[in-house]
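Beneath this line is the structure, given in structure tokens, with notes to follow.
All of these numbers come straight from a predicted model, not from anything done at the bench. Here is how names work: the chains are called A, B, and so on, in the same order as the sequence lines, proteins then strands, and each is numbered from 1.
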Number of protein chains: 2
Amino acid sequence: MSRAFTTPDIVAPDKRERIYETATQLGYVPNAIGRSLSSQSSRIIAVVVPAADEYYQHALGALARHVIPSDYQLLLFESFESADLEVVFVSIPRYHVDGVIVASSIVPVSQVRPLIASGLPVLMFNQDVTSGDVASVSVDNMAGMRALAVLLAENGHRSVCFVGGIRDATTDRARYRGAFEHLAEVGIPCRYVPSGAFTYEAGYAAADEVAAFAARPDAVMAASDAIAFGLIDGLRAHGIAVPEEISVTGFDGLPQSAWKAYDLTTIEQPMQELSRLAVETLVDRIENDEPTTPTRQLLEGHLQIRSTVAKRKDSG
Amino acid sequence: MSRAFTTPDIVAPDKRERIYETATQLGYVPNAIGRSLSSQSSRIIAVVVPAADEYYQHALGALARHVIPSDYQLLLFESFESADLEVVFVSIPRYHVDGVIVASSIVPVSQVRPLIASGLPVLMFNQDVTSGDVASVSVDNMAGMRALAVLLAENGHRSVCFVGGIRDATTDRARYRGAFEHLAEVGIPCRYVPSGAFTYEAGYAAADEVAAFAARPDAVMAASDAIAFGLIDGLRAHGIAVPEEISVTGFDGLPQSAWKAYDLTTIEQPMQELSRLAVETLVDRIENDEPTTPTRQLLEGHLQIRSTVAKRKDSG
DNA sequence: CTGAAAGCGCTAACAC
DNA sequence: GTGTTAGCGCTTTCAG
């Protein structure tokens, strides 16, 4: 009997060896499906993620890595355009996964509540949910953006605009708020310019709008790095020098932000810690089914001062 | 009985309705695990992929999207550094997946042969395997690189070097060969400069080497876009103008290659077709277990002429 | 320590 | 059309 595989130490060594031998000879490997069925645990975590988005691709990679030590596998559920979320969230329970990570700042929490209600451990990644009944791991968007605003103010900027991505995204709101609040405190106006998406293209297009303003801002804060890259290229295409004429900041700390052609001043999300924390939290909840209250965890982003923010003379 | 779920049309409508009602009332959803166990088919495809690599992240996203219409799910297996492949390939059969996609140009085919021998449908993505016993879907690396070489030659370049990534990668070999062969035909030398990885950083570092050459090349062909981006920034950091002094070409057609700061001339992999073809081929093999011979499929890349290749005067 | 047997939720085969 | 039953490969319990 295959106690040899589950609790090897409790089986006579010689017998164990013989079992292993014949097993490899026959090419036998224990079947995880059978195990799942009987043990009611699959050691699989579902992760729903917009697989077309740069940021979430990184997140996914990081999650995949951090799940290895705990010996779980990730079952992928694409959440972007292609599949509507209804279908996704209905099909997840079929697979009897042990838990699910929802990586998105736009999937409404209401959508995942049924899952939680069914007793499945769920964790929101990159969406800070304050209602207390849902676990979440994310970066402190407000604090990060505020730090960037402080930097801008300290460097003598007088008029900034914020180029948002998707207005409903919790990240968008929190980041704008962080910028706006500090700027307001020090008497600097901050106008919200919508771009429609967290993408390079959206940022590039938004540059047209910024360039057309009668009163041109001396800094623009993008809601994400991707937008910032587009913004920088778009601004430059308009003959506007970055950062000499307009400073630009990002948010996320994508690898590209360090690329010399952009060298973007931004807030870097501590992706490794974020993802490690996410899987640890979830795995903990899976394996200790004590009714721990769902935790809301906020990590500090790291201010990366690079070269897209200039120092302005006080011309006031 | 739950024939209502599998073959709804063969069950009396009224009865079916009543079953559905009580089902939703009880929050019942058919359990895929039980189904897998009994039907010997899980509708899950394993995909092993280096989740930290830019290119493969895109591939994964595309695969995830194309798997939806066929109603399969992707089970992720990280293949980069963290986990050694031995473990990965041993654990795949446990999950009784219906098929596996190995996305990598460096995983040796020998490593996947045991899987294939066990009767599991396997498909190599982005690795062209010519041995005929393994299905593969990839872009025609040699032809693509040759097209780039032709472009360079036509534009009057006289001395090029090729900055490789990982020497053992099949993509690296084929791309170098494509460049070298055509260049040799027209009497242009092409030196191989190793960089050690398909990354921005590797490319950036390789720029030092290129800059230090006594006889500086007038063009450098990178084995991938990521390398090219690093190369461009590195070259510029050395005060070398791209493309005025040195032209640069890439390979892959990552989204960033279209970003204005680089605007890289490259070969774009038709990612959507590639991934669609990959899942279609694999699904076909899964569902029709006739002994079709494994197909080797090669798609043409698309030459994107942008602005990193200059026209040189014939100074000869 | 090690056999034997029940049962996880489903499909498939076989009656009715 | 619709009930019933035997496994799929494992874990778990209960005997020995």
Side-chain angles (χ1 to χ4, degrees), chain A residues 1-44 46 71-73 75 90-100 115 118-121 286-289, chain B residues 1-46 70-73 75 90-100 115 118-121 286-289:
Chain A
M1 181 174 295
S2 288
R3 251 177 290 233
F5 290 97
T6 39
T7 50
D9 36 314
I10 214 173
V11 113
D14 55 330
K15 201 156 271 196
R16 194 193 325 145
E17 280 315 313
R18 283 219 11 241
I19 292 182
Y20 287 170
E21 258 178 58
T22 24
T24 46
Q25 220 161 57
L26 268 56
Y28 166 88
V29 286
N31 178 328
I33 304 261
R35 174 175 313 200
S36 302
L37 193 54
S38 108
S39 67
Q40 304 291 7
S41 137
S42 56
R43 298 204 79 80
I44 289 181
D71 193 33
Y72 280 82
Q73 299 296 333
L75 189 61
V90 166
S91 58
I92 287 181
R94 295 175 183 274
Y95 290 90
H96 276 215
V97 296
D98 290 350
V100 9
L115 239 51
S118 78
L120 196 55
I286 291 171
E287 298 181 349
N288 311 312
D289 38 17
Chain B
M1 179 177 296
S2 287
R3 252 180 287 233
F5 290 98
T6 40
T7 51
D9 36 315
I10 213 172
V11 111
D14 55 330
K15 203 156 269 198
R16 195 193 325 144
E17 281 316 313
R18 283 217 16 239
I19 293 183
Y20 286 171
E21 258 178 59
T22 23
T24 45
Q25 221 162 55
L26 268 56
Y28 166 88
V29 286
N31 179 328
I33 305 261
R35 174 176 312 201
S36 301
L37 192 53
S38 113
S39 68
Q40 304 291 5
S41 138
S42 57
R43 299 202 79 80
I44 289 180
I45 292 174
S70 320
D71 193 34
Y72 280 82
Q73 300 295 333
L75 189 62
V90 167
S91 58
I92 286 180
R94 294 175 184 273
Y95 290 91
H96 276 215
V97 295
D98 290 349
V100 9
L115 239 49
S118 78
L120 197 55
I286 290 171
E287 298 182 349
N288 312 311
D289 39 17

Qualifying residues under side-chain contact (heavy atoms from CB on, under 4.5 Å), relative to Thr7(B), sequence neighbours excluded: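 Partners of Thr7(B) under the side-chain contact (heavy atoms from CB on, under 4.5 Å) test: Arg3(B), Asp9(B), Ile10(B).
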Nucleotide [N], atom [atom2] - distance to [atom1] of [X] in whole Å:
X        : N       : atom1 : atom2 : answer
Leu37(B) : dG7(C)  : CG    : P     : 17 Å
His96(B) : dC10(D) : NE2   : C1'   : 11 Å
Ile33(B) : dC10(C) : CD1   : C1'   : 11 Å
Arg16(A) : dT2(C)  : CZ    : C1'   : 14 Å
Phe5(A)  : dT12(D) : CZ    : P     : 16 Å

Taking the side chain as every heavy atom from C-beta outward, state whether [X] and [Y] have any pair of such atoms under 4.5 Å apart.
X         : Y        : answer
Ile33(A)  : Tyr95(B) : no
Gln73(B)  : Ile45(B) : no
Leu115(B) : Pro93(B) : yes
Asp98(A)  : Ile44(A) : no

Rounded (10°) bend between the five-pair end axes of the helix from dC1(C)-dG16(D) to dC16(C)-dG1(D):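 Terminal axis comparison yields 40°.
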Short side-chain N/O contact to dG9(D) OP1/OP2 from Arg35(A), under 4.0 Å: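 Checking Arg35(A) against dG9(D): no side-chain N or O falls below 4.0 Å of OP1 or OP2.
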Side-chain N,O (Tyr95(A)) to OP1/OP2 (dG9(C)) below 4.0 Å: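 Tyr95(A) to dG9(C) OP1/OP2: no side-chain N or O under 4.0 Å.
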Out of [options], which nucleotide sits closest to the side chain of [X]?
X        : options                   : result
Ser39(A) : dT11(C), dC10(D), dT11(D) : dT11(D)
Lys15(A) : dT2(D), dC8(D), dT2(C)    : dT2(C)
Asn31(B) : dG9(C), dT2(D), dT11(C)   : dG9(C)
Gln40(A) : dG9(C), dC10(D), dG3(D)   : dG9(C)

Residue pairs fulfilling salt bridge (Lys or Arg N to Asp or Glu O under 4.0 Å) with at least one residue in residues 32-44 of chain B, sequence neighbours excluded: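 Non-adjacent pairs meeting salt bridge (Lys or Arg N to Asp or Glu O under 4.0 Å): Arg43(B)-Asp71(B), Arg43(B)-Glu287(B).
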Aromatic contact, Tyr20(B) with Tyr28(B) (centres under 6.0 Å):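 Not close enough - the centres of the two rings lie 6.0 Å or further apart.
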Any donor-acceptor N/O pair under 3.5 Å between dG9(D) base and Arg94(B) side chain: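 No.
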Arg3(B) (side chain) and dG3(D) (base): donor-acceptor pair under 3.5 Å: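 Such a pair exists between side chain and base.
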